[in-house]
Structures are given as structure tokens and as C-alpha cells.
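Read the structure below first, then the notes.
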Number of protein chains: 2
Amino acid sequence: MTLASDDEMLEVLRAEGKRITPQRSLLLRVLRDSDGHLDADEIYRRAREKDQRISLSTVYRNLNVLKELGLIIELHLDQEHHHYELRDTAEHHHLICSDCGRVVEFDSRLVGKLRDQISEEKDFLITRVHIDLVGLCSECRDESD
Amino acid sequence: MTLASDDEMLEVLRAEGKRITPQRSLLLRVLRDSDGHLDADEIYRRAREKDQRISLSTVYRNLNVLKELGLIIELHLDQEHHHYELRDTAEHHHLICSDCGRVVEFDSRLVGKLRDQISEEKDFLITRVHIDLVGLCSECRDESD
DNA sequence: GTACTTGCAAACTGTTTGCACATCA
DNA sequence: TGATGTGCAAACAGTTTGCAAGTAC
């Protein structure tokens with residue numbers, strides 16, 4: 001499902017003249033072991049569980065490096081801070097429960113259709129599509145009755 | 001195109017037990033006279049052109065009030081800070097040029113279809129849909145050739 | 001009159017940066 | 001060895017808040 005193994009990702013770093021440091025390997029591992037959409041602080045917390053010494057600024061710096069190399073994606077999930085996830089071959093979007101905060105990924109043919117339609121209508125070359133659907137998941141909906 | 005006139009919006013404030021202050025009227029006027037998607041600082045700048053004394057914290061406080069009353073919408077246009085616009089009867093989404101920053105609004109039948117499809121598939125009650133398409137507008141595309 | 005609102009300055013949060021030291025290649 | 005990366009603390013940007021004074025109703 002995911003673009004590349006950790007090794008392949010490390011290879012991208014090397015190819016771009018970036019060094020492979022224990023911190024970078026660790027961050028990639030944390031991201032891979034997660035279910036996606038972690039914020040910087042959560043990534044920092046999980047990384048520290050494995051290596052006490054990593055610093056928050058290193059986390060931020062490397063998230064930016066990985067983002068520039070296209071290995072991860074920065075999300076703006078209707079929150080005050082950013083979320084990050086490994087870049088995936090399968091484009092997907094997010095369905096967010098406004099009550100419990102749960103995030104579910106989805107995709108649909110309609111997304112590509114929409115993109116094509118608007119691209120033509122507005123004469124844009126569309127490179128990225130962000131879709132967030134916000135609502136109540138079935139559990140939270142039941143509770144609120 | 002827009003939900004209500006300024007007077008109607010002020011009426012909503014009154015109905016909620018909020019006071020109608022010159023600052024609030026001014027902010028609504030600034031939002032209405034704009035093309036949408038202004039950030040707080042720009043709103044502050046424009047408001048100050050009309051009334052020197054308004055403060056940035058008043059701007060923030062009132063944007064939050066208006067947001068809670070549903071009179072305006074807060075956007076997260078892939079930037080570090082928020083943008084605001086008057087709530088519109090016609091739901092619309094944003095097409096953003098990653099080069100010049102231009103923002104174009106759009107809507108499409110496909111959005112409702114997508115919403116219905118995912119709602120059913122994932123068993124969510126979907127209340128809000130945010131779509132940002134990012135790309136190059138025709139002018140920026142021509143320049144980059 | 002009084003609860004709500006304002007302006008100011010100070011606090012807060014998420015993120016970035018300068019610098020000296022450490023480290024990958 | 002030399003360029004890159006790290007940790008720390010300090011800076012920064014956007015936003016929120018405490019408080020005393022002002023104002024809508």
C-alpha cells in the first residue's frame with residue numbers, strides 16, 4: 001500500500017545528498033508504524049519512547065526535509081496544527097468525526113472526475129486534491145440520541 | 001449569493017443576546033466588501049482604514065463570535081493561518097494557485113454525490129465538506145514555460 | 001445600572017532558527 | 001576532514017486571555 005519500504009525511503013534521502021541519521025530512520029519507522037495523521041508532538045512522543053535523546057526541533061526539521069522530498073504529506077485536518085503521514089501510492093482523503101476526532105481514510109472515483117471537471121472548467125493544472133469530510137461517526141451519532 | 005444582508009446578520013447577533021457594536025458592524029462590512037478568504041491580519045488592516053481604533057484582539061474575538069453563530073466560515077487554505085469569509089447560501093470550495101496564490105471558488109454536482117457516497121459507505125453523518133484543489137492557474141502555467 | 005465589549009499588554013501554542021558541538025560519508 | 005545534522009534555548013507568528021475602562025441596551 002505504501003510507496004516504498006523504509007530502505008527505499010532512506011535511499012531517496014541518500015540520493016538527494018541528505019544523510020541517514022538514526023533520528024531520520026527512527027522518524028520513518030514511527031510514521032510507518034502509525035495509522036497516519038500524527039501531529040508533530042505525537043511523533044515526537046513516540047520517537048522518544050524509542051530514543052530518549054531526540055529533540056522536538058529535530059522532529060520538525062526532519063518532517064520538513066521529508067516533506068520536501070515528497071516522502072511524507074502534511075495535512076491540515078481542520079485543526080490548529082499540522083498532521084503528517086507517509087506518502088501513499090493510493091491517493092486518499094479524510095473523513096473526520098467532529099465529536100471523537102476519529103479519522104477514516106477514503107477514496108472514490110468521483111474525486112478524479114471532480115478534478116477533471118474543475119480543471120477543465122477553470123483552466124487550472126491541478127496538482128493536489130485535499131478533501132476533508134467532517135461529521136459524526138456512527139458511534140458518536142448513537143450516543144448523542 | 002450571500003446568506004443575508006448585514007442587517008440580517010446583525011439581527012442574528014441580537015437574537016443571540018450579543019450586542020451590536022460599531023466594531024462588529026465594521027467587520028461584517030469589511031467581509032462583505034471583500035472577495036472572501038481574508039486572513040485575520042488583512043481584515044484588521046482593512047478595518048483600521050475605516051476606524052483607526054479597532055484592535056487586533058477585537059478582530060479575533062469577533063471572528064470567533066461570528067464563526068460560532070455560523071455567520072462566517074473559517075478556512076484552512078493550506079496555509080499557516082486561517083482565512084475567513086461570509087457564509088454563503090451556495091456551498092463552494094477553493095481552487096488555489098500554488099504559484100500566485102490566487103483563489104477561485106467552485107462548486108459541482110459531484111461534490112454532493114461524493115458526500116452521499118462516502119456517507120453511506122462509511123456510515124458517517126456528514127456535516128461539512130472541505131475541498132481544496134491546488135495547482136497552477138493558466139497564467140502561471142504559461143509563465144513557467 | 002449592569003452585563004457585555006473593548007483596547008492594551010502579556011501569555012500561550014505550534015513552529016523555526018542561531019549556535020556550538022557531534023557525526024555521517 | 002568537512003559539510004550536514006543535532007540538541008538546546010531563544011525567537012517567532014498567529015492567536016488567546018486578564019484586566020481595567022468603556023458602552024449598548
Side-chain angles (χ1 to χ4, degrees), chain A residues 6-7 9-28 30 37-69 71-84 101, chain B residues 6-7 9-28 30 37-48 50-69 71-84:
Chain A
D6 281 4
D7 282 355
M9 290 205 161
L10 293 173
E11 194 43 57
V12 173
L13 279 174
R14 186 174 288 126
E16 294 285 331
K18 303 290 181 189
R19 291 183 182 164
I20 296 174
T21 64
Q23 290 89 338
R24 285 178 178 162
S25 309
L26 175 55
L27 289 175
L28 284 173
V30 166
H37 22 87
L38 301 181
D39 61 23
D41 224 64
E42 180 63 21
I43 293 169
Y44 174 55
R45 217 184 49 67
R46 296 193 186 187
R48 269 175 77 92
E49 285 177 5
K50 314 246 180 181
D51 175 0
Q52 282 286 71
R53 286 158 307 175
I54 196 170
S55 78
L56 184 55
S57 43
T58 294
V59 170
Y60 274 111
R61 266 190 285 237
N62 283 319
L63 288 173
N64 282 330
V65 168
L66 297 173
K67 183 173 60 169
E68 274 155 28
L69 297 186
L71 295 176
I72 64 174
I73 291 178
E74 185 182 84
L75 308 171
H76 303 83
L77 296 175
D78 205 23
Q79 315 273 338
E80 303 319 297
H81 47 331
H82 302 149
H83 288 75
Y84 300 87
Chain B
D6 280 3
D7 282 355
M9 291 205 158
L10 293 174
E11 194 42 58
V12 173
L13 278 173
R14 186 175 288 126
E16 294 285 331
K18 303 289 181 190
R19 290 184 181 165
I20 296 174
T21 63
Q23 290 90 338
R24 284 178 179 161
S25 310
L26 175 55
L27 289 176
L28 284 174
V30 166
H37 20 87
L38 301 182
D39 61 22
D41 224 65
E42 180 63 21
I43 293 169
Y44 174 54
R45 216 183 50 66
R46 296 193 186 186
R48 270 176 76 93
K50 315 246 179 179
D51 175 1
Q52 281 286 68
R53 286 157 309 174
I54 196 170
S55 79
L56 184 55
S57 44
T58 295
V59 170
Y60 274 112
R61 265 191 285 236
N62 283 320
L63 288 174
N64 282 330
V65 168
L66 296 174
K67 184 173 60 169
E68 275 155 28
L69 298 186
L71 295 175
I72 64 174
I73 291 179
E74 184 181 85
L75 308 171
H76 303 81
L77 294 176
D78 205 23
Q79 315 272 339
E80 303 319 298
H81 47 329
H82 303 151
H83 288 75
Y84 300 86

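Chain A is the first sequence line, chain B the second, and so forth, proteins listed ahead of strands; every chain is numbered from 1. When reading the values below, keep in mind they use all heavy atoms of this one structure, side chains included, and skip hydrogens, waters and symmetry mates.
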- Message: Rounded to whole Å, how long is the line connecting atom OH of B:Y44 with atom P of D:dG14?
- Response: 13 Å
- Can you say whether the rings of B:H83 and B:H81 are parallel (under 30°), tilted (30 to 60°) or perpendicular (over 60°)? tilted
- Message: I need the CZ-C1' distance between B:R24 and C:dT5, as an integer number of Å.
- Response: 7 Å
- Message: Tell me the interatomic distance from A:D39, atom CG, to C:dT15, atom P, rounded to whole angstroms.
- Response: 8 Å
- Message: Whole angstroms only, please: what is the CG-P distance between B:L69 and C:dC4?
- Response: 14 Å
- Message: Please tell me if A:Q23 has a side-chain N or O lying less than 4.0 Å from either OP1 or OP2 of C:dT23.
- Response: no
- Is atom CZ of B:R45 surrounded by more than 12 heavy atoms (other residues, nucleotides or ligands) closer than 6.0 Å? yes
- Note on the structure: Given protein heavy atoms under 4.0 Å, the one-letter contact record of nucleotides 16-25 of chain D, with B base, S sugar-phosphate only and - none, is simply BBB----BBS
- Message: I'd like to know if A:R14 and A:E11 make a salt bridge, using a cut-off of under 4.0 Å between side-chain N and carboxylate O.
- Response: yes
- Message: Distance check needed: C:dA22 C1' versus A:D51 CG, whole Å only.
- Response: 14 Å
- Whole-Å distance between C:dC4 P and B:L13 CG? 14 Å
- Query: Any idea which heavy atoms bring A:L56 and A:Y44 closest together, and the distance?
  - Reply: N-CE1, 3.4 Å
- What's the spacing between A:T58 OG1 and A:L63 CG if we round to 0.5 Å? 10.5 Å
- Quickly work out the A:H83 NE2 to C:dG14 P distance and round it to whole Å. 11 Å
- Over all heavy atoms of both residues, which pair between B:L26 and B:K50 is shortest? Give the atoms and the distance, please. CD1-CB, 3.7 Å
- Query: Closest heavy-atom contact between B:A40 and B:V59?
  - Reply: O-CG1, 4.0 Å
- Message: Is the phosphate of C:dT13 approached by A:H81 (side-chain N or O, under 4.0 Å from OP1 or OP2)?
- Response: no
- Query: With respect to the side chain of B:N62, which nucleotide from D:dT6, C:dT6, C:dT15 is positioned closest?
  - Reply: C:dT6
- In whole Å, what is the span from the NE2 atom of B:H82 to the P atom of D:dA13? 17 Å
